[in-house]
Amino acid sequence: MKTVECQGKDLLGAYGVPVPDRKVVTSKSLLGLCAEDCSQFPLPGMVKAQVPFGGRGKAGGITEADTPSELLSRASEMIGSDLKGTEVRSVLVEKRAEILDEIYLAVTFDAGSRAPLLMAGKEGGVDVESSARLRGEGFHTARIDTALGVPPYLKRLFAKKLGIVDAAAFGDLVESVYTMYRKKDALLVEINPLAVTPDGLMALDAKVDLDDGAEFRHRELFERLREEQKHLIEGEKGEPQRLAKEYGVDYVPLDGDVGVISDGAGTGMLTLDVITEGGGAPADFCEMGGEADARTVARSMEVVLANPDVSVLLITLIGGLTRMDHMAEGIANYLEENEVGPPLVIRMCGTKEVEGKRILEGLGIDTYDDHSEAVGRAVELSRGG
Amino acid sequence: MKTVECQGKDLLGAYGVPVPDRKVVTSKSLLGLCAEDCSQFPLPGMVKAQVPFGGRGKAGGITEADTPSELLSRASEMIGSDLKGTEVRSVLVEKRAEILDEIYLAVTFDAGSRAPLLMAGKEGGVDVESSARLRGEGFHTARIDTALGVPPYLKRLFAKKLGIVDAAAFGDLVESVYTMYRKKDALLVEINPLAVTPDGLMALDAKVDLDDGAEFRHRELFERLREEQKHLIEGEKGEPQRLAKEYGVDYVPLDGDVGVISDGAGTGMLTLDVITEGGGAPADFCEMGGEADARTVARSMEVVLANPDVSVLLITLIGGLTRMDHMAEGIANYLEENEVGPPLVIRMCGTKEVEGKRILEGLGIDTYDDHSEAVGRAVELSRGG
Amino acid sequence: MSILLSGETSVLVQGITGNIGSFQTAVMQEYGTNVVAGVTPGKGGEETSGIPVYDFVSEAVGRHEVDAAISYVPSKFARDAALEAIDAGIKFIVMTAEGVPVRDMMAVLNHAEGRGATVLGPDTPGLISPGKSKLGVHPDRMTAEGDVGVLSRSGALSYEICKSLTEKGIGQSTVVGIGGGPLWGMTQVDVLKLFEEDPETKVIVLAGEVGGSMEQKAAEYIDGEMTKPVVSIVVGRSAPAGKRLGHAGAIVEGNAGRAADKIDVLSSAGAKIGRSPGEVAKIVDQLRG
Amino acid sequence: MSILLSGETSVLVQGITGNIGSFQTAVMQEYGTNVVAGVTPGKGGEETSGIPVYDFVSEAVGRHEVDAAISYVPSKFARDAALEAIDAGIKFIVMTAEGVPVRDMMAVLNHAEGRGATVLGPDTPGLISPGKSKLGVHPDRMTAEGDVGVLSRSGALSYEICKSLTEKGIGQSTVVGIGGGPLWGMTQVDVLKLFEEDPETKVIVLAGEVGGSMEQKAAEYIDGEMTKPVVSIVVGRSAPAGKRLGHAGAIVEGNAGRAADKIDVLSSAGAKIGRSPGEVAKIVDQLRG
């Protein structure tokens with residue numbers, strides 16, 4: 001789960017990382033209300049759009065305000081505006097820091113060494129966007145032995161390499177970040193920039209990605225963050241996304257018109273590739289996973305077909321864990337209770353395929369055995385063929 | 001640092017281990033005062049002498065009391081009594097538990113595998129005295145990977161092997177014990193017996209040994225425990241012990257009359273062995289360690305000579321880290337300021353021995369070069385030779 | 001021959017009494033897998049498909065010789081099941097659970113390394129040595145015994161490839177799914193090495209995906225060490241950046257993990273590239289002459 | 001030849017600017033030890049006895065070839081110093097600090113094992129290969145070059161033994177102090193193995209102590225694997241039960257760790273037993289004919 005800046009700062013702050021005084025406002029009316037007592041806002045301050053993606057600074061999502069009136073006008077302007085295609089729903093107002101130096105600091109995991117990875121660079125700020133690109137001079141990484149944590153010498157060494165004078169404060173901060181990373185099952189904790197200010201180190205941005213797999217250990221936190229995000233970033237969602245969320249279906253909307261459902265991630269990607277390279281345009285990526293049952297198929301169909309752009313629905317199934325009899329039942333159940341406009345193309349093979357095909361044949365539905373043929377037919381139908 | 005039962009129970013209780021309701025009394029007058037409001041004591045209860053060694057049950061250090069009057073008489077009798085040569089200074093009064101089953105549980109470290117070791121046995125109670133003897137049927141051990149902690153399956157497995165029905169409660173208890181072991185830098189946490197009662201599991205005894213080397217991480221705790229022990233277990237100490245504690249000198253009193261100071265643990269033990277096997281009797285083991293300086297020697301002499309039984313003082317030095325010039329200075333300093341009754345036998349060789357011997361020669365003190373000769377001379381002197 | 005799994009490999013199933021565990025155990029048995037024992041806490045003493053069930057792995061290995069364990073347990077119990085199997089001395093562990101926390105997998109993989117155990121997965125369909133044995137969920141009907149080694153992150157994609165190969169009359173030595181990531185026990189390089197050393201594997205099919213840099217490392221190995229021909233497909237070529245497609249490891253972040261780059265390095269390393277399972281099968285067919 | 005340490009071994013000193021570190025470095029240098037660099041945080045750029053001082057081990061190994069590191073740091077910093085040296089790739093680490101927390105030593109020893117590093121200590125006097133080099137605090141005057149391998153938990157006790165040997169004209173190949181416990185990096189068995197393999201070591205002296213069961217394991221090794229004669233002394237024969245004599249590891253608990261038992265098993269394993277360094281030297285003399 002990717003958090004928004006203000007959520008990341010709350011998390012970091014709770015673990016002792018210095019973060020600026022700040023206040024979040026989620027609507028113009030609330031902004032006006034708060035502004036009546038302008039002492040509620042830390043001024044002079046930064047006004048920052050809370051959006052779930054990077055690069056907002058260059059897109060105009062960050063501005064400054066010295067006075068309450070400036071704040072009111074800048075923040076009002078920002079709320080509701082469009083930033084890279086997304087409506088800004090909330091802004092963070094935070095105390096402006098005097099920046100002497102900007103550093104990049106992150107903890108993530110390294111698939112190669114199966115260990116947490118501490119990363120830091122002398123160059124922080126807006127030009128350092130993706131951790132994957134950080135590979136140059138002045139950038140430092142260290143694998144962390146989880147049985148040991150971050151050894152004191154490593155904190156001192158990083159401080160020296162980064163030119164940080166107060167090595168003790170930096171060490172404490174690294175300890176806080178690492179502790180949060182571990183305790184909260186984060187996949188990434190990124191502070192960029194970590195500012196050196198006359199008052200010490202301060203996290204001016206915060207990007208935290210929590211491991212969805214570990215939600216069972218952090219139920220309350222996940223619920224709270226999700227609840228907050230409803231107000232912070234979510235506009236009116238499309239019906240398919242809303243349904244997908246409700247049903248827990250893995251659904252990624254795309255721009256085309258070929259609705260896609262698959263029972264594997266790899267074959268889902270393959271299907272997108274073959275559609276695209278065959279001249280079609282997928283409307284979504286929807287993968288049911290190996291543990292899908294009849295209900296999963298029915299719900300996935302409901303999700304994908306809620307997108308009005310879908311001109312043909314392509315279901316590609318190749319059962320390993322999934323059982324074709326269950327899949328067929330799910331399709332049958334959905335069709336029994338719903339009128340389906342777009343034509344259906346179904347590819348079915350694998351575990352219990354004989355039973356599955358029999359069920360669909362009973363409904364008069366033919367299935368394809370070959371993946372390319374099925375995809376080809378779907379693309380053809382999407383072009384009105 | 002070895003804690004007393006009531007201290008161990010406080011520590012375990014703080015980490016969530018169920019321990020009986022209890023109250024400690026350190027003097028007869030305090031006992032009388034408390035007994036005026038007998039609701040302060042959990043009755044019917046056990047009355048247990050708080051002494052810094054095991055085997056007290058068999059020696060009469062544990063008794064029962066059903067009524068306030070019984071409690072008063074039993075506890076009064078116990079306070080001030082002699083238990084295996086030690087004066088009982090305090091008693092623990094605790095709620096008597098209905099014991100359905102007794103189990104042995106401990107966490108310590110295993111030198112062989114360099115890992116914490118979880119140990120548990122079906123036979124708890126007074127017959128299981130030393131963990132080193134626990135090797136039979138029905139006794140189970142498991143090394144713990146410190147990067148992982150105690151895996152859930154292992155808690156369930158131990159519960160099954162021990163015949164504990166409520167595996168979840170046992171798992172929580174193991175987690176608490178292991179957590180305390182790690183967080184407090186314990187060398188041993190032993191619960192014997194861990195009782196199965198109608199109200200669940202309960203630690204009826206607690207033996208906790210904290211790592212003296214880790215005191216720098218637990219300053220407050222060590223100070224508190226030491227302060228408590230002054231009231232709980234310490235009688236009037238002999239002057240040598242008192243001084244040794246004050247100076248931080250490693251001093252173990254023994255029964256003989258040959259005072260011994262050495263600059264190494266191994267040579268100290270060797271000296272005791274050679275004295276004993278040569279027909280003498282050492283008065284102490286006093287080892288200064290490799291980092292000893294002039295002050296250390298002077299203080300060690302003060303400690304050892306504070307024992308009135310000492311008839312001869314044998315100082316065996318073989319310098320590696322210790323410098324003989326520093327040692328000689330220390331001896332000279334002490335002799336300058338003190339009258340020394342017993343004769344002195346000094347063995348000196350090693351780092352800076354020429355300088356050291358020169359200093360002592362200046363005081364008219366000859367030194368031995370050979371260890372056996374020096375020891376032989378000291379034994380001779382102790383026999384009036 | 002085959003890699004990792006032969007007809008003799010004796011198998012323990014963790015979570016054997018669950019819905020998926022019991023179904024897949026029956027399917028494996030039917031295929032010929034030598035399943036000797038199962039474990040479900042609290043169900044010790046029962047039987048499933050004639051297989052004795054134990055409360056603990058250590059109890060099972062006390063009674064049976066066990067070469068490999070496969071777990072069908074919910075992701076929140078996957079760490080504990082793996083640790084239990086490793087601690088019981090089992091040297092090959094297959095983890096099928098999806099969405100196992102990364103922190104848990106780091107713990108499992110480090111522990112396994114210290115104990116000399118090999119982990120396949122998590123989020124893996126397992127593996128099949130056609131005609132001999134299967135350990136996991138590969139649908140056997142699409143496979144045939146032969147000399148092509150197949151290796152994929154994704155289960156279903158490897159089924160597609162096997163289907164295409166088999167329909168062309170080309171059998172497989174072993175088909176290995178390493179799982180969806182983002183952390184892997186066995187990596188592509190680990191499996192490539194085994195295929196390279198296996199005298200009966202003649203050609204290898206490597207199915208890669210967007211995300212991470214595993215294919216880059218595989219390309220290095222192919223370039224530097226491999227003597228056998230490799231045919232590769234990389235899916236997610238049309239994946240939009242920043243969106244996770246099904247697998248935790250399948251995400252293009254910034255410029256990292258793009259399919260095009262992976263195809264480039266694999267191709268430069270000498271691998272032949274196919275765009276669909278059909279194309280892959282055609283290339284394999286040509287390579288085998 | 002010698003074990004672990006020769007004249008060529010290049011050494012880094014951690015805590016080189018401290019009182020003990022600077023003194024012992026000078027003594028080591030004088031003896032001929034090839035000290036190439038030192039580390040003290042915050043003192044990088046200085047020099048001590050002509051040896052360059054660095055802030056970090058990684059900086060030192062970037063400039064110098066380093067075979068071994070010895071640390072003279074307070075016990076509370078011993079863990080970090082060791083981890084830093086191990087992480088910098090140094091393969092032989094000598095820890096002199098006394099009273100290092102057991103938890104810290106477990107961390108260091110496990111980390112060292114994972115990185116293929118050998119740790120001697122803690123609470124060790126180090127080792128000396130007479131006439132070649134010394135790494136630690138052994139007073140050189142008591143040693144002489146020769147063919148007897150000496151191995152002791154205690155520093156001072158090994159000095160006593162060397163003194164007796166040298167006075168009898170018997171030299172030593174290497175003298176190793178493994179430290180006072182209760183946790184050891186190199187154990188008696190580890191060092192015995194090296195002496196067994198060293199062609200120039202003819203006789204081995206093993207000095208044991210009360211406490212623990214290390215001598216029992218040494219006896220097993222001597223019995224099963226060793227071809228060279230071993231002479232042993234075990235001190236603490238008159239140690240009262242339950243009292244810790246100087247070393248953290250030197251304590252008789254219940255019936256465990258008694259000197260008499262250790263002497264029995266060593267004797268049964270074929271080791272000759274002496275009761276004093278003088279007796280040990282006499283036996284060694286007889287064995288060498």
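In what follows, every chain begins at residue 1, and chains take the letters A, B, ... in the order their sequences are listed. These numbers come from a predicted model, not from an experiment.
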Report yes if the side chains of A:F109 and C:R103 come closer than 4.5 Å at any heavy-atom pair, otherwise no.
no
Given that the side chain runs from C-beta out, which part of A:D145 has a heavy atom under 4.5 Å from chain C: side chain, backbone, both or neither?
neither
Bottom line for A:D211: the part with an atom under 4.5 Å from chain C's heavy atoms is side chain
Note: A:D185-A:R217 ion pair, threshold 4.0 Å (strictly below):
yes
Looking at C:L127, C:V94, C:T33, which one forms a side-chain contact (heavy atoms from CB on, under 4.5 Å) with C:I70?
C:V94
Check the surroundings of atom CD in C:E279: do more than 12 heavy atoms from other residues, nucleotides or ligands lie under 6.0 Å from it?
yes
The interface call for C:M106 against chain A, heavy-atom contacts under 4.5 Å, is both
Residues A:D250, C:R244: salt bridge by 4.0 Å N-O rule
no
Quick check for you: among C:D104, C:V234, C:T96, which has the greatest number of heavy-atom pairs under 4.5 Å with chain A?
C:D104
Counting only non-hydrogen atoms closer than 4.5 Å, does C:V27 touch chain A with its backbone (N, CA, C, O), its side chain (CB onward), both, or neither?
neither
Nearest heavy-atom contact between C:M105 and C:P122 is CE-CD, 3.6 Å
Tell me, out of C:G155, C:S75, C:P182, who's got the most heavy-atom pairs with chain A below 4.5 Å.
C:P182
Can you tell me which portion of C:E160 sits under 4.5 Å from chain A's heavy atoms? Options are side chain, backbone, both or neither.
both
Relative to chain A, which segment of C:K243 carries a heavy atom at a distance below 4.5 Å: side chain, backbone, both, or neither?
side chain
Proximity breakdown for C:I20 and chain A, heavy-atom pairs closer than 4.5 Å:
side chain
Please classify the contact between C:H247 and chain A as side chain, backbone, both or neither, with a heavy-atom cut-off of under 4.5 Å.
both
Please look at A:F53 and chain C and tell me whether the side chain, the backbone, both or neither of the residue comes under 4.5 angstrom of a heavy atom of that chain.
neither
With a 4.5 angstrom heavy-atom cut-off, which part of A:E215 approaches chain C: side chain, backbone, both or neither?
neither
Where does A:T351 contact chain C at under 4.5 Å (heavy atoms): side chain, backbone, both or neither?
both
Is the shortest side-chain heavy-atom distance between C:V108 and C:M95 below 4.5 Å?
yes
Mind checking whether C:H138 and C:Y159 have parallel, tilted or perpendicular rings, split at 30° and 60°?
perpendicular
Determine yes or no for a side-chain-to-main-chain donor-acceptor pair under 3.5 angstrom, with C:K163 supplying the side chain and A:D369 the backbone.
yes
Looking at A:G266, A:A186, A:G264, A:S113, which has the largest count of heavy-atom pairs under 4.5 Å with chain C?
A:G266
Check whether A:P253 gets within reach of chain C through its side chain, its backbone, both or neither, counting any heavy atom under 4.5 Å.
backbone
Checking A:L317 against chain C: side chain, backbone, both or neither under 4.5 Å from a heavy atom?
neither
In plain terms, say whether A:D293 and A:R295 are close enough for a salt bridge, that is, a side-chain N and a carboxylate O under 4.0 Å apart.
no
For atom CD of C:E30, decide whether the heavy atoms of other residues, nucleotides or ligands shown that lie under 6.0 angstrom number more than 12.
no
Between A:T267, A:I318, A:T271, which shows the greatest number of heavy-atom pairs under 4.5 Å with chain C?
A:I318
Is C:R153 in contact with chain A via its backbone, its side chain, both, or neither, using a 4.5 Å heavy-atom distance?
neither
Using the side-chain contact (heavy atoms from CB on, under 4.5 Å) definition, which of the options A:D309, A:T276, A:D284, A:L314 pairs with A:V258?
A:L314
Contact class of A:P116 relative to chain C, heavy atoms under 4.5 angstrom:
both
Count the heavy-atom pairs under 4.5 Å between each of C:M214, C:Q24, C:E98 and chain A, then report the option with the highest count.
C:Q24
Look only at the side chain of A:T3 and the backbone of A:V208, and say whether a donor-acceptor pair between them is shorter than 3.5 Å.
yes
What part of A:C286 lies closer than 4.5 angstrom to a heavy atom of chain C: side chain, backbone, both or neither?
neither
Please state whether the side chain, the backbone, both or neither of C:P240 comes within less than 4.5 Å of a heavy atom of chain A.
side chain
Under a 4.5 Å heavy-atom cut-off, does chain C meet the side chain of A:L270, its backbone, both or neither?
both
Over 12 non-hydrogen atoms of neighbours within 6.0 angstrom of CZ in A:R143:
no
